[in-house]
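Residues take their numbers from the sequence shown, with the count starting at 1.
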Amino acid sequence: MRSSRFLTVLTGAGISAESGVPTFRGKDGLWRKFNPQELATMDAFMRNPRLVWEWYEYRRKLIQDVQPNPAHYAIKDLEDGFEEFLLVTQNIDGLHQRAGSRKIAELHGNIWRNRCLRCGRISDHKEVYLREIPPKCACGGTLRPDVVWFGEALPQEILSQALQAAQSCNLLLSVGASALVQPAASLPLLALRNGAFVVEINPEPTPISERVNESIRGKAGDVLPRLVKRQ
Ligand code: OAD
């Protein structure tokens with residue numbers, strides 16, 4: 001860490017687990033209880049916007065009631081210690097921002113924003129519950145959460161920023177990501193191919209554990225603050 005000029009951090013749902021936000025694929029993972037095809041696709045939204053919106057209200061409530069944990073704060077502390085830095089996250093919960101991180105590329109959008117299906121306008125949505133379902137844009141179009149659903153493309157500019165950071169960094173930390181969802185899963189491998197040192201922090205092995213330089217089996221909230229302290 002001391003000799004790296006450019007740090008890229010990739011985070012997944014695991015970093016928010018210790019805050020109390022359920023992950024998707026773990027033991028109590030959301031996709032064990034809920035079917036993503038009914039809740040996180042454009043088809044699902046067209047079929048039943050009320051159900052999808054209620055699912056997002058449920059998750060907003062859950063996220064609003066929790067706090068960033070020591071892992072989020074440790075990443076915030078790393079931000080200013082490098083000449084170049086980018087935090088790439090798959091999370092939509094906004095906990096990194098609440099911990100003070102600023103240089104963030106949100107690959108899957110943000111649950112606290114909406115997007116209009118008609119005019120494309122993106123607006124903040126800070127309340128948990130909606131006044132009407134589905135909510136409407138000023139133009140009269142239907143609003144959807146500004147998040148990436150299954151089968152949808154990632155926001156192009158943010159993806160290129162993330163790819164660029166993975167290609168150019170000297171050190172990449174992959175924290176709490178299952179390495180099963182593309183294209184995020186390929187970022188650590190891209191960094192490796194370009195000569196970066198890649199460290200994974202996860203209590204469980206993942207498909208990239210054998211390929212990275214260091215795989216630290218532990219919880220993000222334990223490991224990251226210790227790394228930062230020793231930097
Ligand atoms: P997953 O739920 O697939 O994986 C969470 C990872 O976090 C697992 O590898 C866990 O072992 C690990 N984990 C659990 N607790 C941890 C802790 N305390 N510290 C560190 N790691 C921990 O979540 P993602 O990889 O983020 O996409 O999933 C990626 C995408 O799949 C999500 O963004 C979402 C989902 O479908 C969409 O909704 C489009």
Side-chain angles (χ1 to χ4, degrees), residues 1-18 21-27 29-32 36 69-72 74-75 77-79 81-92 96 101 103-108 148 150-151 153-156 158-231:
M1 281 174 99
R2 288 199 195 110
S3 62
S4 296
R5 195 185 61 80
F6 189 156
L7 170 67
T8 297
V9 181
L10 169 68
T11 64
I15 196 164
S16 297
E18 288 160 80
V21 182
T23 61
F24 294 94
R25 296 177 181 77
K27 187 161 57 70
L30 292 170
W31 296 151
R32 297 257 174 136
N69 67 56
H72 294 104
I75 292 175
D77 289 342
L78 286 173
E79 187 166 309
F82 294 82
E83 230 174 284
E84 289 195 67
F85 174 93
L86 188 68
L87 167 57
V88 180
T89 187
Q90 299 176 90
N91 299 346
I92 61 172
H96 283 301
S101 286
K103 296 174 194 160
I104 312 181
E106 291 181 309
L107 288 177
H108 291 168
V148 175
F150 287 97
L154 270 61
Q156 196 50 50
I158 291 171
L159 178 60
S160 13
Q161 230 187 326
L163 289 168
Q164 181 68 36
Q167 261 162 0
S168 319
C169 65
N170 315 106
L171 174 64
L172 184 142
L173 305 180
S174 173
V175 187
S178 61
L180 291 169
V181 177
Q182 293 295 353
S186 62
L187 295 175
L189 303 176
L190 185 61
L192 270 179
R193 269 204 300 280
N194 283 274
F197 194 83
V198 176
V199 180
E200 174 181 67
I201 299 166
N202 197 314
E204 304 290 334
T206 76
I208 62 163
S209 298
E210 298 290 316
R211 301 171 70 179
V212 298
N213 301 99
E214 289 285 346
S215 182
I216 303 178
R217 295 284 153 78
K219 290 185 173 180
D222 290 336
V223 177
L224 272 172
R226 275 157 56 203
L227 275 183
V228 173
K229 218 153 84 196
R230 290 178 56 170
Q231 196 208 351

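Listed by chain and number, the residues in a side chain to side chain donor-acceptor pair (under 3.5 Å) with Q167 amount to none (sequence neighbours excluded). For S160, there are no side chain to side chain donor-acceptor pair (under 3.5 Å) partners, not counting sequence neighbours. E79 pairs by the salt bridge (Lys or Arg N to Asp or Glu O under 4.0 Å) definition with R102, not counting sequence neighbours. Residues forming a side chain to side chain donor-acceptor pair (under 3.5 Å) with T89 (at least two apart in sequence, or on another chain): T11. Among residues two or more places apart in sequence or in another chain, the side chain to side chain contact (heavy atoms under 4.5 Å, CB included) test is passed with A191 by C169, L172, A196, V198. Scored by the ring-ring contact (aromatic ring centres under 6.0 Å, His included) test, F85 finds no partners at all (sequence neighbours excluded). By the side chain to side chain contact (heavy atoms under 4.5 Å, CB included) test, V199 pairs with L171, L173, F197, I201, E214, I216, sequence neighbours left out. The side chain to side chain contact (heavy atoms under 4.5 Å, CB included) search around S215 returns E200, S209, V212, R217, not counting sequence neighbours. Listed by chain and number, the residues in a side chain to side chain contact (heavy atoms under 4.5 Å, CB included) with V148 are H108, E152, L154, P155 (sequence neighbours excluded).
Put simply, the side chain of I104 reaches to within 4.5 Å of the side chain of S101, judged on heavy atoms. Using a 4.5 Å cut-off on side-chain heavy atoms (C-beta onward), I15 and H72 make contact.
Here the closest heavy-atom approach between residue K103 and residue L86 is recorded as O-CD1, 3.7 Å. Between G221 and P70, the shortest heavy-atom distance links the atoms O-CB, 3.9 Å. Summarising the geometry of L190 relative to A166, their closest heavy-atom pair is CD2-CB, 4.1 Å, with the distance given to 0.1 Å. What you find for S16 and N91 is that their closest heavy atoms are OG-ND2, 3.7 Å. The minimum heavy-atom distance between Q161 and A105, with the atom names listed, is OE1-CB, 4.1 Å.
N202 contributes a side-chain N or O that, together with a main-chain N or O of A177, makes up a donor-acceptor pair within less than 3.5 Å.
Evaluation of the salt bridge (charged side-chain N to carboxylate O under 4.0 Å, His left out) test over residues 3-17, restricted to residues two or more places apart or in two chains, returns R5-E83, R5-E84.
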Exercise for the section: Run the numbers on L192 and N213 for side chain to side chain contact (heavy atoms under 4.5 Å, CB included), then give the verdict. Expected result: CA-CA 8 Å; L192 270 179; N213 301 99; 3.4 Å; yes
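One finds the CG atom of N170 at 9.0 Å from the CG atom of L7 (value rounded to the nearest 0.5 Å). For the atom pair CG (L78) and CG (L224), the distance works out to 7.0 Å, reported to the nearest 0.5 Å.
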Throw together a table of side-chain donor-acceptor distances under 3.5 angstrom for residues 181-189, partners on residues two or more places apart or in other chains.
residue: Q182; atom: OE1; partner: S186; partner atom: N; Å: 3.3
residue: Q182; atom: OE1; partner: S186; partner atom: OG; Å: 3.4
residue: S186; atom: OG; partner: P183; partner atom: O; Å: 2.7

